[in-house]
Amino acid sequence: MTALLDVDGIGKSFGGLTALRDVAFQVPQGAIMGIIGPNGAGKTTLFNCISGLMKPDAGRVRFGGREIQGLRPHRICRLGLARTFQIVRPFRGMSVLENVKVAAFARHDRGPAAEAHARAVLADLGMAHMAATDAGILGVAELRRLEIARALATDPQVLLLDEMLAGLTATEAAALCDQIRALRDRGLTILLVEHSVPVVSALCDRAVVLNFGEVLTEGPTAAVLADGRVQDAYLGSAAPCPT
Amino acid sequence: MIRFPLIPVLLVVAGFAAATQDRYLMDVFVLTCLYGTMAVAWNLAAGFTGLLSLGHSLFIGIGAYTVAYGVTAHGLSPWVMLPLAVLIAVVCALAIGVLCFRYGLKGYYFGIATLAFSEIAFFLVSAAVWLGRSDGMMLPAGGDPWISLQFRAKWPYGLMILVVLLATLIAGWALLRAKTGYYWRSIRDNEEAAEALGVPIFGFKLFSFALSAGIVAVCGAFYACYVAFVDPRSVLGVELSIQLLVFSIIGGMGLLWGPLLGAAILIPASELLRIWIGASFYGVNIVLYASLLIGLALFLPQGLGALRWRRRVS
Ligand SMILES: Nc1ncnc2c1ncn2[C@@H]1O[C@H](COP(=O)(O)OP(=O)(O)OP(=O)(O)O)[C@@H](O)[C@H]1O
Ligand SMILES: [Mg+2]
């Protein structure tokens, strides 16, 4: 088992608030790994530290053996690590195709090549019909898919997905889950934040539980979800978790 | 989506041809192209990259004063001073850009910072004896007009500013349809998302701001030759920066040639109002002009150019 992404002792605080303390885990190549934890546990902050949006105060992030902590986000993206945002950040003044084309320019310098790549990504995700639509008028489900399409257009090896399923209907969520599995089958490594326990147990090979900025436990999903401390900290009394 | 601005280009060339017969018409043509070019350049930074500069008069003033100083103090040709003017403006823009972008100044804060820099320049120049203080500098006539750029006729000026305008439009079009334009617009719409998608935002913001500054510096240099007089009020004042913003908003900031459209409507309109009404009821023309602005802003919040453009979306 080779770790493609190695998070090693990451710490981050905002003024007096410690958002992350000594967070360490490894993401094996080709895995779908879930990060769970209550609101405010530090999941998004962890993504920000990995993707370069924030500089961690302590620790290292290794991606394919190379240390990437402290690099600018655009460099990390070009190394092959892409992310989506929990609070969607579309380019509202552009069409869906143009949004994806911006990302495709990370791999293609010329306009026509970038456009062909962007169209291919949209077709792949079943979004070809909305290519010309203004991103400013999309609904939340479509904006989530646009986030994924843009991230994929940068040709990543690792994809970080931050709560992509929240607020979607059951059908939309199921479709997105299938898409995530298909991406893994194509060789992508996926790290995702997800609140819904059924989704995590159905989708993820491994899981990390964050609680108040610290790793509570980490391991194969079934074992992690069965852990008594996880039940207490995260699931509370809403214990039964269907699979 | 970014199509070649064929119709604006043809109209501008036709405008030049039509104005060759009449000195006064040529003057209006020159002013329209001059302000149109500056507004288009301003909008590359403001409208397409989200760098809402309120201090572009700084770069216009650098262009105008560099030429005026070289000509009056050292008898140099404007052709010699022009590259220097552009160089100084670009270096200043890069310095201001590095300062602002390093410290994360965005949106209105960036606007206020640029305004502050242009105001500093305004007061420094107003006090500088070697730049004529607030009295300004007069450019002497004489010599070969193609060297001193002091023509009796107006059409050579029309031709020169026509070339500058067309070059600006063509360069703007080429950049906007390529990677640069997509990166600029992504920065305008969401910096964090752009950066996460591989956009080196620092470099592309600097490029946008410096390019915009370089183009308006050329316009400032042209202004010095055309009017043969520069003073702080006319080339460094905040009114000038605001005018570029007004032309762009009225014409449409989402279009490359929107700001040109704004200038092409508002400059002739204010000239007409001045001639028809200003002579007999001074001040009324200004009130009417202001009303025109308010009306356009109220009824076309996306700018005139958006009339056509909006319909194409979705
Ligand atoms: N930029 C910031 N400045 C100050 N505090 C922050 C910042 N970002 C996050 N925090 C704080 O850090 C803690 C962790 O936040 P984070 O967004 O990482 O949690 P999360 O696990 O993603 O929560 P959620 O499930 O609600 O998305 C919270 O207490 C939050 O208020
Ligand atoms: Mg979060």
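Letters A, B, ... are given to chains in the order of the sequence lines, protein chains preceding strands, and every chain is numbered from 1. These numbers were taken from a predicted model, which means no experiment stands behind them.
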Max heavy-atom pair count under 4.5 Å with chain B, selected residue of A/Arg92, A/Arg75, A/Met94: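 Going by pairs under 4.5 Å, I would pick A/Met94.
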
Determine the option with the most heavy-atom pairs under 4.5 angstrom with chain B, choosing from A/Pro112, A/Ala114, A/Pro73.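 Most heavy-atom pairs within the cutoff with chain B belong to A/Pro73.
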
Give a yes or no on whether [X] atom [atom1] has more than 12 heavy-atom contacts from other residues, nucleotides or ligands under 6.0 Å away.
{"X": "A/Arg110", "atom1": "CZ", "answer": "no"}
{"X": "B/Tyr109", "atom1": "OH", "answer": "no"}
{"X": "B/Leu6", "atom1": "CG", "answer": "yes"}
{"X": "A/Leu17", "atom1": "CG", "answer": "yes"}
{"X": "A/Phe14", "atom1": "CZ", "answer": "yes"}

First locate atom CG of A/Leu53, then atom CD of B/Glu192, and finally report the distance between them rounded to the nearest 0.5 Å.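 Answer rounded to 0.5 Å: 5.5 Å.
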
Between CZ on residue A/Arg150 and OG on residue B/Ser186, distance to nearest 0.5 Å: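 Going from CZ on A/Arg150 over to OG on B/Ser186, the span is 9.0 Å.
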
Give the interface residues of residues 197-209 of chain B toward chain A, defined by a heavy-atom separation under 4.5 Å.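 Listed by number, the contacting residues are B/Leu197, B/Gly198, B/Val199, B/Pro200.
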
With a 4.5 Å heavy-atom cut-off, do A/Glu98 and B/Tyr182 have their side chains touching?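 A side-chain contact under 4.5 Å exists here.
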
Is there a donor-acceptor pair closer than 3.5 Å between any side-chain N or O of B/Asn190 and the backbone N or O of A/Pro90?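 The answer is no, because no donor-acceptor pair under 3.5 Å joins these two groups.
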
Region of A/Thr154 in contact with chain B, defined by heavy-atom distances below 4.5 Å: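 Contact with chain B is through the side chain of A/Thr154 alone.
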
Counting only non-hydrogen atoms closer than 4.5 Å, does A/Ala103 touch chain B with its backbone (N, CA, C, O), its side chain (CB onward), both, or neither?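 Both parts, heavy atoms under 4.5 Å.
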
Going by the angle between their ring planes, with limits at 30° and 60°, are A/Phe105 and B/Tyr183 parallel, tilted or perpendicular?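 Taking B/Tyr183 first and then A/Phe105, their aromatic rings stand perpendicular (interplane angle over 60°).
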
Nearest heavy-atom neighbours spanning A/Phe91 and B/Ala193: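 Scanning both residues, the minimum pair turns out to be CE2-CB, 3.8 Å.
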
Chain A heavy atoms under 4.5 Å from B/Ala178: which part of the residue, side chain, backbone, both or neither?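 Just the backbone, heavy atoms under 4.5 Å.
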
